[in-house]
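Worksheet: one structure, shown below.
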Amino acid sequence: MKVIAFSSIKGGTGKSSLAILTANYCAAAGARVLVLDLDIQNSASFFYLARPDDAERRNIAAALQSGDLAGNIIASNTKGIDLLASAFSLVNLRACSERTLRKAIAGKTLPYDFAFIDCAPTLDNLVLNAVNAANLIITPVRLSQFDWKGARFYRDQLAADTDKADAWRVLFNFYRPPRSDSPDALANQYETQFRDAFDGAILPLTIPESSLVQRAIDTREKITEAEAKRKLYSAIKDLASYIGASDSVEAF
Amino acid sequence: MAKLTLVKNPGQAQANNSTVRESFSVSSDKLSQRPPFQDLYQINPEVLARITAHMKANGYDNGQPITVWRHEQPDGEEERVVVDGNTRLQAARDAGLLEVTVIFKSFTSDAEALKYAIHNQRDRRNLTDSQIIKLVEMVDEPVTGFKGNAPIARSQAIGQKPARTAEKTAKVIGTGRSKIEEARVVRTDPEIAEKVKAGELSIHAGAQQVKAKKGKKTPEKKKAAPRPVTLKLSRADAEAVLRILLRAKASAPTAAVQQIKKALK
């Protein structure tokens, strides 16, 4: 099972949306997917919960407390995807051991190809649990100075607190290609700053700015190869492929 | 135009990760009522009239939402069945209210929803024997073959003491184990069970009648079995006891008289 954490210290960078879209793509491609919602904002749980009450007793907080992941997994409303849902009691676990999740995952063979972890926009022990358990940590960024600062802080902390610095990647989200070659154009200045700071950790793909992301999340509009949707479709397909799901799908 | 998932499925809002539960105003026409939830408790006409009058004057009280199980049925149709709040819904309809406040809750089965409804109600009401026996009928699952105890192997496996099934039922309904056991006795006789359901007999009185009918001795009629007693007496005392016993004649235990006579020889 490959574990992918979507994590950043800054909020609003697209962690939940990209985790959901990529998980949906992988499941549509036939992979068995587990989504772990480690954020009390519970966006991924809100999206996936077939019945909200399901998460009352079985959820990720109970899983971390007991070390029993399998017993706390519930079915989602999406074929091929199961869920370790968020719970309010996560707030009581913010100081839990940083390796609880890693140990729980290592201890059991879970029947999934991919596990996507949606993290809260912070850096506490819950985030470190996700990072320590992950094979790949993706920090989506918007090209802005605040995002740049957040990504730098995050990278430095990963290097200081974990052995996962090499597994960390930056993903340009809400991306609009520069319209000019001039290095003074704002878009180019941002890109230069990010590339200088994070060279080698920047993913070789970008997620375009698109209102379709919100529609896909909030209305469950399918993303297909249709002309108007092709850019986002290709971007998520590339991301899924980077993660290891290479099969093509018609819609997700 | 595509609709937000929250519009298509308002119950989704329940996934709010806090202790606050979202309630919704919905058309009372869109709620369905059916057994076993509908006839879990008989609606008390006086209570209904009081609530209806209150609703007519003040509208629906949002603090008292109706619990609705919203789920897809096997035929693909959605059912919004009232699990708890049948009296309130009836009152709202009688008061002519078009909308009521509901809270959506999900269950895996009728049985699970029923247990929830019973739990909700039992803490709110003083159950009469007539209501208790009806509830026993709905939820009691006596295990036959080992006198109501769970197999030891199973209870050892889960590290718990075997629980009597009557105890489990008692816990669900919120009454005592002996009451359930008596209710089970009553249920073996449909005629007497009907009388208890109608409130003409208590469960205890019903159980006594069933036992009497079957010729079983009821606990009150049971006589204590004689217990042998050995007494060390002087000859004079033994003779005195013998005199007393002989004077008592018919009621004197003959075995004791014979033994004393034998000892005095």
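Remember, predicted model here, so these are calculated numbers, not experimental data. Letters A, B, ... are given to chains in the order of the sequence lines, protein chains preceding strands, and every chain is numbered from 1.
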**Report entry** Residue pairs passing the ring pair (Phe, Tyr, Trp, His ring centres under 6.0 Å) test where at least one lies in residues 48-70 of chain B, sequence neighbours excluded
**Finding:** Trp69(B)-His71(B), Trp69(B)-Phe107(B)

Query raised in the report: Taking atom CD of Glu46(B) as the centre, does the number of heavy atoms from other residues, nucleotides or ligands within less than 6.0 Å exceed 12?
Result: no

Report summary line: With sequence neighbours left out, the residues meeting ring-ring contact (aromatic ring centres under 6.0 Å, His included) with Tyr48(A) are none

Requested in this report: Tell me, for Asp37(A) versus chain B, whether the close heavy atoms (under 4.5 Å) come from the side chain, the backbone, both or neither.
Outcome: neither

Query raised in the report: How about Glu209(A): does its CD atom have over 12 heavy atoms from other parts shown lying under 6.0 Å from it?
Result: yes

Requested in this report: Locate the shortest heavy-atom distance separating Arg220(A) from Thr5(B); write the atom from each residue and the value.
Outcome: CG-CG2, 3.5 Å

Query - Contacting moiety of Leu49(A), where chain B heavy atoms sit under 4.5 Å - result: side chain

Requested in this report: Flag the one option from Leu90(A), Ile40(A), Asn59(A) with the top tally of heavy-atom pairs under 4.5 Å to chain B.
Outcome: Ile40(A)

Query raised in the report: Counting only heavy atoms not in Lys231(A), do more than 12 fall under 6.0 Å of its NZ?
Result: no

Query - Backbone of Ser106(B) reached by a side-chain donor or acceptor of Asp53(A) within 3.5 Å - result: yes

